[in-house]
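Some notes on the structure that comes next.
Computed from a predicted structure; not experimentally measured. The figures that follow rest on heavy atoms only: side chains count, while hydrogens, waters and symmetry mates do not.
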Amino acid sequence: MTGTGEVLFDFIASSVKEFVERETDDSKLSLDRRRELGFTFPFPVKQTSVSSGTLLKWTKGFAIEDMIGKEVAGCLEKAMTKKGLNMRVAALVNDSVGTLSLGHYHDTDTVAAVIIGTGTNACYLERTEAIIKSQGLLTASGGMVVNMEWGNFWSSHLPRTVYDTELDADSPNPNDQGFEKLISGMYLGDVVRRVIVRMSQESDIFKPISSKLSMPFILRTPLIAAMHEDDSPDLEKVGSILRENLEIPDAPLKVRRLVVKVCDVVTRRAARLAAAGIVGILKKIGRDGSGGITGGRSRSDHKMRRTVVAMEGGLYTGYTMFREYLHEALTEILGEDIAKHVVLKVTEDGSAMGAALLAAAHSSVPVDNVQLL
Ligand code: BGC
């Protein structure tokens with residue numbers, strides 16, 4: 001994550017090579033034939049064609065300086081050539097865009113995709129004429145996918161606390177990815193940790209103060225999910241995580257309850273913000289039942305179209321309370337009548353499979369020979 005671009009792409013190329021070598025005989029393409037690859041690259045890229053783009057910046061803790069501004073598909077192709085693989089990147093795809101493609105492939109009512117995992121992002125289908133940046137560019141369908149990179153959204157209305165400001169300052173990318181730092185899995189655990197640190201400084205409830213508690217990112221989000229969802233009467237799981245991961249021994253039940261409450265507040269805030277983001281998209285494309293910025297149907301029009309949002313990412317799929325809070329907020333903002341037409345649908349492995357579908361669609365080899373890796 002912090003080495004050189006060459007090391008990173010050599011690693012990816014060896015993984016691809018291992019995969020190719022594991023293939024069963026009947027799926028083997030003749031060795032002299034060039035294979036086509038869909039490459040899911042979940043970072044901000046300036047897309048220069050279907051199969052190329054330059055890295056704008058890293059997110060989610062990656063910090064490989066020599067890669068900024070480089071064309072990433074070319075880097076992978078170079079590394080694959082070094083490993084003796086005859087392969088070409090047919091589609092370079094953000095994970096949100098991959099998810100949208102697979103979602104849309106299975107269900108044509110899919111109009112957007114949202115990733116809530118280590119990082120967060122969304123993309124949606126827009127009419128090309130509504131995209132100011134793409135003036136003059138025409139597509140056969142009249143539509144285009146907009147990768148929003150919403151993780152970098154910021155507004156003074158967002159509820160930023162002192163914990164968020166300090167987390168941002170200590171992160172590898174300060175002043176960047178503000179929305180992502182309030183929502184995604186990479187950060188939620190650390191927001192909770194920072195609240196606990198403050199409580200331990202201002203009271204004696206976490207005595208003796210553990211040195212582990214002051215280590216950034218030591219409390220990972222799966223641990224806060226496990227504490228939050230501990231339904232045992234004396235919160236045993238909370239007790240053991242505090243003991244084993246934060247070196248806080250013998251926390252009484254009252255303190256364990258307090259920790260669960262902190263997990264709840266931080267997770268609920270994240271889920272509600274993500275829900276607000278989704279409603280923002282629906283509003284932009286006129287699917288929120290209110291007429292929409294680009295002109296949709298009115299709230300009184302009962303023929304609100306079924307609207308599917310493809311969802312992916314461990315925080316959404318693996319953290320029940322997060323998911324429930326998100327759904328609750330979506331219904332609260334849209335109102336039940338509209339919300340019942342909005343379906344959030346998990347696409348399994350969509351980001352990768354969708355990239356493979358796009359590679360197939362843009363491939364120069366017959367589609368029969370394209371495999372979903
Ligand atoms: C990246 C996005 C990506 C998202 C989810 C963010 O940090 O900027 O490109 O889609 O994480 O993986």
Side-chain angles (χ1 to χ4, degrees), residues 1-22 34-99 115 117-121 123 147 149-152 167-181 184-187 189-190 215-218 220-222 312-314 349 351-352 354-356 358-359 373:
M1 290 168 78
T2 53
T4 63
E6 196 179 355
V7 172
L8 175 69
F9 281 94
D10 282 351
F11 169 75
I12 302 173
S14 353
S15 307
V16 174
K17 189 166 187 203
E18 260 173 46
F19 171 81
V20 171
E21 284 168 357
R22 274 201 317 269
R34 192 167 68 166
R35 289 154 198 259
E36 311 260 320
L37 185 83
F39 183 23
T40 307
F41 189 70
F43 298 99
V45 156
K46 182 173 165 50
Q47 192 93 27
T48 43
S49 76
V50 168
S51 56
S52 64
T54 54
L55 176 66
L56 293 169
K57 63 178 184 187
W58 291 109
T59 57
K60 300 178 280 200
F62 279 74
I64 305 173
E65 282 312 310
D66 68 356
M67 277 304 299
I68 309 291
K70 292 244 173 83
E71 201 284 291
V72 291
C75 290
L76 179 59
E77 285 178 347
K78 203 168 136 201
M80 290 191 301
T81 307
K82 269 202 310 198
K83 301 266 177 234
L85 288 168
N86 185 12
M87 275 183 146
R88 182 187 83 95
V89 174
L92 172 70
V93 183
N94 182 264
D95 51 350
S96 62
V97 179
T99 301
I115 310 278
T118 309
T120 186
N121 191 12
C123 69
N147 169 12
E149 283 298 334
W150 86 5
N152 199 29
L167 180 151
D168 180 52
D170 291 348
S171 72
N173 54 346
N175 294 317
D176 212 11
Q177 299 293 104
F179 199 47
E180 175 159 280
K181 285 172 182 161
S184 79
M186 167 126 192
Y187 305 100
D190 206 53
M215 289 165 72
F217 297 103
I218 186 104
R220 304 185 59 85
T221 301
E312 199 154 296
D349 225 359
S351 56
L358 291 168
L373 304 191

Review point. If you round to the nearest 0.5 Å, how far is OH of Tyr187 from CZ of Arg220?
Key: 11.5 Å
Check your understanding: Partners of Ser351 by side chain to side chain donor-acceptor pair (under 3.5 Å), sequence neighbours excluded?
Key -> Glu312
Point to revise | CA sep, side-chain torsions, deciding dist, call: Arg35, Leu85, side-chain contact (heavy atoms from CB on, under 4.5 Å) | key: CA-CA 9 Å; Arg35 289 154 198 259; Leu85 288 168; over 6 Å; no
Check your understanding: Taking side chain as C-beta onward, heavy atoms only, is Ile115 less than 4.5 Å from Thr120?
Key -> no
Exercise for review: Any chance you could measure Met186, atom CE, to Leu167, atom CG, to the nearest 0.5 Å?
Suggested key: 8.5 Å
Point to revise | Taking every non-hydrogen atom, the tightest pair across Ala91 and Ala355 | key: CB-O, 4.3 Å
Review point. With sequence neighbours excluded, what pairs up with Thr54 under the side-chain contact (heavy atoms from CB on, under 4.5 Å) test?
Key: Lys46, Glu71
Check your understanding: Can you name the residues that form a side chain to side chain donor-acceptor pair (under 3.5 Å) with Thr4, not counting sequence neighbours?
Key -> none
Point to revise | CE on Met67 to CG on Leu56, rounded to 0.5 Å | key: 11.5 Å
Exercise for review: With rounding to the nearest 0.5 Å, note down the distance linking CG in Leu55 to SG in Cys75.
Suggested key: 9.0 Å
Point to revise | Chi angles and distances behind the side-chain contact (heavy atoms from CB on, under 4.5 Å) call for Leu76, Leu37 | key: CA-CA 10 Å; Leu76 179 59; Leu37 185 83; 3.6 Å; yes
Practice item. Applying side-chain contact (heavy atoms from CB on, under 4.5 Å), run through Asn147 and Asn121 and close with a yes or a no. Key: CA-CA 8 Å; Asn147 169 12; Asn121 191 12; 2.8 Å; yes
Point to revise | salt bridge (charged side-chain N to carboxylate O under 4.0 Å, His left out): pairs with one or both residues in residues 75-99, sequence neighbours excluded | key: Glu6-Lys82, Asp10-Lys82, Glu36-Arg88
Review point. Is there side-chain contact between Gln47 and Leu92, with at least one heavy-atom pair below 4.5 Å?
Key: yes
Review point. Can you name the nearest heavy-atom pair linking Ala73 to Ser51, along with the distance?
Key: CB-O, 3.2 Å
Practice item. For residues Asn94 and Ser96, report the shortest heavy-atom separation together with the two atoms involved. Key: OD1-OG, 2.6 Å
Review point. If you measure from CD1 on Ile64 to CG on Leu8, what distance do you get to the nearest 0.5 Å?
Key: 4.5 Å
Check your understanding: Quick one: side-chain hydrogen bond (donor to acceptor under 3.5 Å, both in side chains) pairs with a partner in residues 168-180, sequence neighbours left out?
Key -> Lys57-Asp176, Lys57-Gln177, Asp168-Lys181, Asp170-Arg194, Ser171-Asn173, Ser171-Lys181, Asn173-Lys181, Gln177-Glu180
Check your understanding: Below 4.5 Å, heavy atoms only, C-beta onward: do Phe39 and Val93 meet side chain to side chain?
Key -> no
Point to revise | Nearest heavy-atom neighbours spanning Ala90 and Ala359 | key: CB-O, 3.9 Å
Revision key, fill the gap. Here the gap from Glu149 atom CD to Thr59 atom OG1, rounded to the nearest 0.5 Å, amounts to 7.0 Å
**Study point:** Phe43: partners by ring pair (Phe, Tyr, Trp, His ring centres under 6.0 Å), with sequence neighbours left out
**Key:** Phe41, Trp58, Phe62
